[in-house]
Amino acid sequence: MIRASLRRIPWARTAYAHALSTLERIVPLPAPRYIQGTPAIDDGGHGAFYRLTAETLGSAAVSPETKDFVIGVLSRLTPIEELELQQLKMRAGLEKFGAHWRHASLLTLLSAASYFIQPDNYLEIGVRRGYSAAVVAAMCPSSNIYGFDLWVEDYVDVPNPGPDFVRGELVRAGHQGTATLVSGDSRSTVPKFLAGHPDLFFDMITIDGVKSIRGAAFDFAHALPRLKVGGVVAYDDLPVKPLLRRVWNRLVCDDDRFVSWEFLDGNMGVAGAIRVKE
Ligand SMILES: C[S@@+](CC[C@H](N)C(=O)[O-])C[C@H]1O[C@@H](n2cnc3c(N)ncnc32)[C@H](O)[C@@H]1O
């Protein structure tokens, strides 16, 4: 209502956006409450020497093999212009730069992480049409997928049909595990669901839902304590919305539980981190 009225007055619109951005810069962020006795991913008894490093994750995320895999998964999903464009761009990059192409996206990062981790449980906040979840499902068909979304209509001007559609996409990707898709605002659905599943921990987590600084921080604060030691957390859109960097830096990079890797290029980018400590 306020936004609708302000949209009609240009100077008020600018002032409103400025006030919001200032508020986002200074607003205090919630802190994750970590849990004693958090389980670790089975590393086959090799310990720290063989653990997945941030550079290894990044190297796999930019590799041609990973891009080929992602293109293959996307080609199995319901065709839509946006998806076809993504495949076209990836094919063009591979053709032009070959193995030298240093480029990663949320999809290639998740593909690489799924390859190394073979997740039992994957949590995604912000699922939309299920592209990321489909990549995880294709790499690890037996994984159990937990997705939370508000299914905002026509998100980025593309139909956002909801959980039944996403279930269908997961099947197209070859998924055979369980898919639990919860509708509603993640700031309330995620903590409520996790409170009802106190023993549930995740091997991989993607935070890609609400893009306000406080909303994203709440998603991190709720989800991070449920990431297994050795697990990976992924985050999209850092450069697109630089204020979100504050959340990533504060809640992940500045915490010695995590080692992180980032790919940034112009207005694109993705970040991932491995939990190395309880
Ligand atoms: C960037 S898209 C997710 C893309 C998806 N991770 C992928 O890779 O295909 C963001 C999604 O977050 C959802 N979303 C936005 N605000 C939300 C909120 N407060 N709670 C839950 N989901 C939300 C939108 O409906 C949208 O589907």
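Both ligands and their constituent atoms are indexed starting at 1 by order of listing.
At a heavy-atom cutoff of 4.0 Å, ligand 1 is contacted by no atom of T189, backbone or side chain. Residue-level proximity to ligand 1 for E124 is carried by the side chain, the only part with a heavy atom below 4.0 angstrom. When non-hydrogen atoms are compared, ligand 1 lies under 4.0 Å from the backbone of Y131 as well as from its side chain. Using a 4.0 Å cut-off between heavy atoms, V127 contacts ligand 1 through its backbone alone, with no side-chain atom that close.
Those atoms of ligand 1 that come under 4.0 Å of a heavy atom in L106, given as number and element, are 8 (O). For ligand 1 and R187, the ligand atoms under 4.0 Å from any heavy atom of the residue are 19 (N). With ligand atoms numbered from 1 in the order given, ligand 1 contributes 25 (O) to contacts under 4.0 Å with heavy atoms of W151.
In terms of protein heavy atoms, atom 22 (N) of ligand 1 is closest to L150 N, 3.0 Å. When hydrogens are left out, the protein atom nearest atom 20 (N) of ligand 1 is S186 N, 2.9 Å; that is the closest non-hydrogen contact. Looking only at heavy atoms of the protein, atom 11 (C) of ligand 1 is closest to D149 OD2, 3.5 Å. What sits closest to atom 12 (O) of ligand 1 on the protein, heavy atoms only, is G209 CA, 3.4 Å. Shortest contact from atom 7 (C) of ligand 1 to any protein heavy atom: S132 OG, 3.2 Å. Remark: minimum distance from atom 19 (N) of ligand 1 to any protein heavy atom is reached at D185 OD1, 3.1 Å.
Between D208 and ligand 1, at least one N/O pair is under 3.5 Å apart. Checked by distance only, ligand 1 and D237 stay at 3.5 Å or farther apart across all their nitrogen or oxygen atoms. The shortest N or O to N or O distance between F148 and ligand 1 is not below 3.5 Å. At under 3.5 Å, a nitrogen or oxygen of G126, whether backbone or side chain, sits near a nitrogen or oxygen of ligand 1. In terms of polar-atom proximity, V152 is counted as a contact of ligand 1, with an N or O under 3.5 Å from an N or O of the ligand. Considering backbone and side-chain atoms together, Y155 places no N or O closer than 3.5 Å to any N or O of ligand 1. Residue T206 places no N or O, backbone or side chain, under 3.5 Å from any N or O of ligand 1.
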As a quick check of understanding, evaluate side-chain hydrogen bond (donor to acceptor under 3.5 Å, both in side chains) for E169 and T78, giving each step before the final call. CA-CA 7 Å; E169 296 300 85; T78 303; 2.6 Å; yes
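A salt bridge between E262 and R245 is present, with a side-chain N of the basic residue lying under 4.0 Å from a carboxylate O of the acidic one. Between E82 and R128 there is a salt bridge, since at least one side-chain N of the basic residue sits less than 4.0 Å from a carboxylate O of the acidic one. Using a 4.0 Å cut-off between charged nitrogen and carboxylate oxygen, K277 and D256 count as a salt-bridge pair.
When every heavy atom of F116 is checked against every heavy atom of A60, the shortest pair comes out as CE1-CB, 3.5 Å. The heavy-atom pair separating S132 from E124 by the smallest distance is CB-OE1, 3.2 Å. Here the closest non-hydrogen pair linking P141 and G174 is CB-O, 3.4 Å. Pairing each heavy atom of V247 with each of L29, the nearest pair is CA-CD1, 4.1 Å.
For G184, the closest heavy-atom approach to ligand 1 falls below 4.0 Å.
The aromatic ring centres of F220 and Y235 sit less than 6.0 Å apart. Aromatic pair Y146/F202: centroids less than 6.0 angstrom apart.
Without hydrogens or angle criteria, D236 side chain to D208 main chain gives no donor-acceptor distance under 3.5 Å.
Under a cutoff of 6.0 Å and an axis angle of 45°, R187 and F218 do not form a cation-pi pair. Figure legend: cation-pi geometry between R257 and Y34, with NZ or CZ positioned under 6.0 Å from the six-membered ring centre and within 45° of its axis.
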